[in-house]
Structure formats: C-alpha cells, structure tokens
Amino acid sequence: MYLFEGEEHAALRSQVRRFAREHIAPHAAEWEENEEFPVELYRAAAEAGVIGIGYPTEVGGGGGDVTHVLVASEEMVLAGRSVGTAVGLGSHGIAIPPILRFGTDEQKKRFAAPVVEGKKIAALAITEPGGGSDVASLATRAERKGDHYVVNGAKTFITSGCRADIVTTAVRTGGEGHAGVSIIVVERGTPGFEVSRKLKKTGWWASDTAELAFQDCRVPVANLIGAENAGFPILMANFVPERLMLAGQCVAIAELAYRESVSYARERRAFGRTLGGFQVIRHKLADMATRIAAARALTGEVAVRAQRGELTAASLAAMAKNAASDACSWVVDQAVQIHGGYGYMREVLVERLFRDARLYPIGGGTREIMNEIIAKTEGYA
Ligand SMILES: Cc1cc2nc3c(=O)[nH]c(=O)nc-3n(C[C@H](O)[C@H](O)[C@H](O)COP(=O)(O)OP(=O)(O)OC[C@H]3O[C@@H](n4cnc5c(N)ncnc54)[C@H](O)[C@@H]3O)c2cc1C
C-alpha cells in the first residue's frame with residue numbers, strides 16, 4: 001500500500017480487484033498468447049466504473065486524482081495478472097488528458113466522454129519511425145487548407161493504435177523545433193489514415209502496438225486541441241502523470257513477481273528443504289521486498305507532490321520512473337532465477353513479467369532522457 005492511501009483508495013482497490021479477478025485473470029494467459037484482448041472489455045470496465053477512475057464526472061468519470069489512478073492501475077496488474085491487458089485497457093490514460101485539460105467543452109463531449117463510457121478506444125501518437133526521444137523534432141506535417149489540416153507522415157510504437165477510434169496526434173503545423181508542434185485528434189475512418197502494421201514485441205503482448213500512416217489525411221480544424229503551435233507544453237504536461245503511472249506499473253509488476261516468488265520458495269523443495277530454507281534465497285526475497293518498498297515510497301511521495309502542483313514534479317516523476325523501473329527490472333530477474341527452469345517457461349507468470357518489465361526503461365521517455373530532465377532541473381551544466 002502507498003502511504004497516502006485512505007478509505008477511498010481501499011474502496012477503489014476492492015472495486016478494481018473484483019473486476020480484474022472476474023474479467024481478466026481467468027483469460028490472462030490466453031489473451032497474452034493471442035496478443036489481443038476482446039474489445040468488449042472496454043465496455044465492461046466502464047460499466048464497472050474502472051475506466052472512469054480519475055476523470056471528471058462531466059465526461060462520465062468517477063472523479064479522483066493521480067493517487068486514485070495509481071492504486072487502481074496497481075490492482076489491475078496484481079489481480080488481473082496480465083500487464084498487456086492492463087496497459088491496453090488503460091491507453092486512454094495518456095490519450096484523453098490533453099483533451100480534458102486543453103480541449104473545448106465540445107471536444108471533451110465528442111472525444112473524451114465516449115472513451116470514458118467504454119464506447120470508444122483512445123491512443124496517443126507522438127513517437128515516429130525517425131525518433132521518439134527528441135519530441136521537438138517530430139516530422140509528421142499538418143498543413144492547414146481551409147477548414148482542414150492535411151496530414152502526412154507516420155507514427156510508430158502506438159499503444160492501442162490498431163484498434164483506436166480516436167488518436168491524439170502530435171503534428172508539425174509550424175516551423176522547426178518545439179514551437180511548431182500542435183495536437184490534433186485523428187478519427188478512425190478518416191480517409192488517408194491507416195494502421196500500416198501491428199508490431200510484434202518483447203512483452204505487453206495482450207496490448208496491440210501499431211505503426212500508423214497518414215497520407216493526405218484531411219482532419220477538420222475543429223479537431224485541434226488548444227492553440228495552433230502550442231502543442232509542445234501540452235505534451236510535456238502529459239508526460240508527468242504518464243511517468244508516474246509507469247512508475248506505479250513497475251511497482252505493481254515487481255510486487256506480483258515478488259509474491260509469486262515467495263509462494264514458490266515456500267513450496268519448491270531441493271536438498272531436503274524448501275527453497276526458503278536456503279539463506280541465499282531468503283536474502284534474495286528480502287532484497288526484492290526492500291527495493292519494491294523503496295520504489296513505492298518514492299512513487300507515492302511524487303504522486304502527492306505532483307497532486308499539490310509542485311514545480312519540480314517533472315523532475316521528480318523522472319526520478320520515480322527510473323527508480324521504479326530499475327527496481328522492477330532487478331526484481332523480475334531475481335524472480336526468474338528463483339523459479340529456476342520453470343522461470344524460463346512461457347506457462348509461468350514470472351517469465352512473462354520478466355519480458356513485460358523490459359519496456360519501462362524505454363517507454364514514456366527512456367532512462368537516459370529521464371536523467372537529462374533531472375540534470376536540467378538540478379542545473380548541472
Ligand atoms: C511497447 C511500447 C509502447 C509504446 N507506446 C507509445 C505510445 O502509445 N505513444 C507514443 O507516442 N509512443 C509510444 N512508445 C514509444 C516510446 O515512448 C519511445 O520508444 C521512447 O520514447 C524512445 O524513443 P525511440 O524508441 O525513438 O528511441 P530513440 O529516441 O531513438 O533513442 C535510442 C537510444 O538513444 C538514447 N538517447 C536518445 N537521445 C539521447 C540523449 N539526448 N542523451 C542520451 N541518450 C539518448 C535513448 O535513451 C535510447 O537508449 C512506445 C514504445 C514501446 C516499446
């Protein structure tokens with residue numbers, strides 16, 4: 001549990017746990033192997049009040065803040081046991097906040113509300129085949145022609161991109177650099193917009209990851225979020241909660257791998273005793289628990305500070321993401337080791353968690369980019 005948790009968080013945990021145990025866990029392995037979960041799950045999750053956690057009631061959400069989203073997403077992983085499903089089902093978490101924070105009332109109603117209701121799927125498209133870290137250099141061009149933008153370019157590694165109905169897309173409407181970036185919503189079915197590829201990846205199998213193509217794709221100017229050429233700060237503001245969520249997922253994955261390892265160490269026998277009977281295994285488990293506790297403490301603290309609107313939130317979120325992804329990478333590796341040969345088998349959960357964990361030092365801004373953000377805030381150069 002996070003230190004900030006109160007009764008409301010406890011209630012949310014049991015609400016999400018119930019949903020994930022009933023609707024995800026029984027199918028987790030099958031959906032991961034099939035590299036897809038059913039689209040009907042969005043509607044079921046919305047009806048169970050799970051999709052709306054952290055979103056305003058005006059768009060059909062249940063209210064709450066980043067701390068509520070953090071505990072809900074942890075329970076989704078712990079009880080659902082499919083990281084791929086949790087991240088696919090949660091892709092709106094990065095796609096609709098820019099609309100809710102910077103969009104008009106009409107845009108919130110048209111784009112965000114159907115997503116919160118589980119009727120539509122949302123994705124966020126920033127990364128391009130030519131690069132993801134250097135966001136200010138993105139090359140997908142949107143030329144204004146009358147009431148439309150004509151979009152040309154490509155995006156890649158887009159979570160839920162294959163099935164998304166709305167794609168919050170970063171485009172270049174102006175000159176070079178961050179001052180030429182805008183955000184537009186591209187809707188599925190718009191001529192010139194297509195999913196060029198479904199990508200195969202190391203982990204997160206149950207979530208789809210797409211390469212998207214835009215070829216003379218005409219997007220109404222009414223789909224511009226915020227002002228033209230003012231998209232970069234919108235993206236930067238979005239990265240802070242995204243990185244906190246990713247840190248929270250790392251804590252959850254590590255916690256799940258740890259729990260699996262404790263159970264296994266209690267049952268598995270070697271040399272006439274359980275694995276837990278060997279001090280080296282007990283100490284491994286103790287180190288796992290310690291690193292998870294430290295990652296959780298930092299992530300929880302940063303969530304509270306971000307919620308208070310503290311100025312250093314971006315740098316702190318970067319620290320939390322790095323600390324939690326380091327902890328997670330180490331813990332899942334130890335979990336595989338404790339499981340021995342079984343830890344290398346596809347039918348065993350920790351094998352999958354080991355693969356899932358590899359994303360976190362890369363996605364949502366790499367480990368190196370997080371350090372650049374921290375360095376900039378601290379003023380080293
Ligand atoms: C499974 C998955 C899901 C994703 N989902 C989404 C999504 O939904 N939407 C989206 O827009 N993107 C998504 N991404 C993309 C992700 O955010 C990018 O992969 C990430 O930002 C890195 O960009 P890149 O892959 O282009 O690497 P690059 O930017 O090419 O970086 C390559 C390497 O160079 C290093 N590097 C780059 N610049 C510097 C520097 N200044 N200093 C030091 N080192 C540097 C990087 O740290 C990295 O190690 C996803 C990626 C994956 C794998």
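When a ligand or atom number is given, it counts from 1 through the structure's own listing order.
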Looking only at distance, does T159 have an N or O less than 3.5 Å from an N or O of ligand 1? yes
Note: ligand 1 atoms sitting under 4.0 Å from heavy atoms of I369 are 38 (N), 39 (C), 40 (C), 41 (N)
Distance-only side-chain donor-acceptor flag, T140 / E128, under 3.5 Å: yes
For L124, the ligand 1 atoms with a heavy-atom partner under 4.0 Å come out as 7 (C), 8 (O), 9 (N), 10 (C), 11 (O)
Which residue and heavy atom of the protein sit nearest atom 45 (C) of ligand 1, plus the separation: E368 CB, 4.3 Å
Among all protein heavy atoms, pick out the one at the shortest distance from atom 14 (N) of ligand 1; state its residue, atom name and that distance to 0.1 Å. F157 O, 3.4 Å
Is atom 32 (C) of ligand 1 close to the protein, meaning a heavy atom under 4.0 Å from it? no
Please could you name the atoms of ligand 1 that L359 approaches to less than 4.0 Å, counting only its heavy atoms? 1 (C), 2 (C), 52 (C), 53 (C)
For I158, counting its heavy atoms only, list the atoms of ligand 1 lying under 4.0 Å from any of them. 7 (C), 8 (O), 9 (N), 10 (C), 11 (O)
G131: numbered ligand 1 atoms lying under 4.0 Å from its heavy atoms: 26 (O)
Would you say ligand 1 has an N or O under 3.5 Å from any N or O of T127? yes
Does a donor on one side chain and an acceptor on the other come within less than 3.5 Å for D287 and Q334? no
